[in-house]
Amino acid sequence: MSKYFVNKFLFQVDRDPELLAAYKDDPGALVEQWEASLGRQLGNGDPVERTTWLSFEPEERRALVEHDYVALFEQGAHFFLCLTLFIAVYDEDYAASQGPLSFQREYAAKLSHWLGKDYPTVAL
């Protein structure tokens with residue numbers, strides 16, 4: 001897993017309302033667009049400084065497109081970045097239909113098979 005690249009995606013999309021809206025609307029298009037443009041920018045987003053070697057692995061791309069946060073966690077994505085992005089994606093709808101913290105409870109339940117085990121490392 002290219003943990004840095006995945007974590008950069010999670011961080012940037014979560015903190016940018018326009019990217020978040022695009023990710024909710026069409027995850028595949030946003031993942032593809034981000035990987036080709038924003039993801040390649042280095043430093044503070046200076047478009048001149050770009051990397052040419054970072055990209056998502058196929059299983060990372062699939063997990064991001066399908067919002068498969070369990071797979072992302074198991075591949076080593078940072079648990080907090082993953083949680084906060086998917087709270088931003090799902091919390092409002094879940095809370096409206098199932099009450100407060102309902103998405104967080106589902107997230108925890110889907111990762112409950114990790115209880116008693118060491119979490120995947122988030123080190124680069």
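What's counted below: heavy atoms across the whole structure, side chains too, no hydrogens, waters or symmetry copies. Keep in mind that this is a model prediction, so the values were computed, not measured.
Under the 4.5 Å side-chain criterion, counting only non-hydrogen atoms from C-beta, Glu74 is in contact with His113. Between Tyr107 and Ile87 the shortest side-chain heavy-atom distance does not fall below 4.5 Å. The side-chain heavy atoms of Glu35 and Phe9, taken from C-beta on, include no pair separated by under 4.5 Å. In this structure the side chain of Leu85 never reaches within 4.5 angstrom of the side chain of Phe11, judged on heavy atoms. For the pair Lys110/Tyr69, a side-chain contact is recorded, criterion being any heavy-atom separation below 4.5 Å from C-beta on. Side-chain contact between Val31 and Tyr23: present, with at least one pair of heavy atoms (C-beta onward) separated by less than 4.5 Å. Side-chain contact between Leu10 and Leu64 is present, with heavy atoms from C-beta onward closer than 4.5 Å. The closest side-chain heavy-atom distance from Leu38 to Lys8 is not below 4.5 Å.
Atom CG of Asp14 and atom CG of Leu83 lie 9.5 Å apart (nearest 0.5 Å). Going from atom CD of Gln98 over to atom CZ of Arg105 covers 8.0 Å, rounded to the nearest 0.5 Å. Taking SG of Cys82 as the start and CG of Asn7 as the end, the distance is 8.5 Å to the nearest 0.5 Å. Between the CD atom of Gln41 and the CD atom of Gln12 there is a distance of 8.0 Å, given to the nearest 0.5 Å. Expressed to the nearest 0.5 Å, how far CZ of Arg40 lies from CG of Leu54 amounts to 7.0 Å. Taking CZ of Arg15 as the start and CG of Leu81 as the end, the distance is 11.5 Å to the nearest 0.5 Å.
Closest heavy-atom contact between Gly99 and Ser102: O-OG, 2.9 Å. Phe56 approaches Arg61 most closely through the heavy-atom pair O-NH2, 3.0 Å. Here the closest heavy-atom approach between residue Val65 and residue Gly28 is recorded as CG2-CA, 3.7 Å.
The hydrophobic cluster containing Leu115 does not contain Phe80, counting ILVMFWY residues as joined when their side-chain heavy atoms lie under 4.5 angstrom apart, directly or transitively.
Here the side chain of Glu60 pairs a donor or acceptor atom with the backbone of Ser2 at under 3.5 angstrom.
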* **Evaluation steps, side chain to side chain contact (heavy atoms under 4.5 Å, CB included), between Val70 and Asp68** => CA-CA 5 Å; Val70 174; Asp68 189 347; 3.8 Å; yes
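Sparse packing is recorded around CD of Glu92, with 12 or fewer heavy atoms of other residues, nucleotides or ligands lying under 6.0 Å away. Residue Glu32 qualifies as open at atom CD: its count of foreign heavy atoms under 6.0 Å is 12 or below.
Taking the six-membered ring for Trp and thresholds of 30 and 60 degrees, Tyr90 and Phe86 have nearly parallel ring planes, at less than 30 degrees apart. Note on ring orientation: taking the six-membered ring where Trp is involved, the planes of Trp34 and Phe5 are tilted (angle from 30° to 60°).
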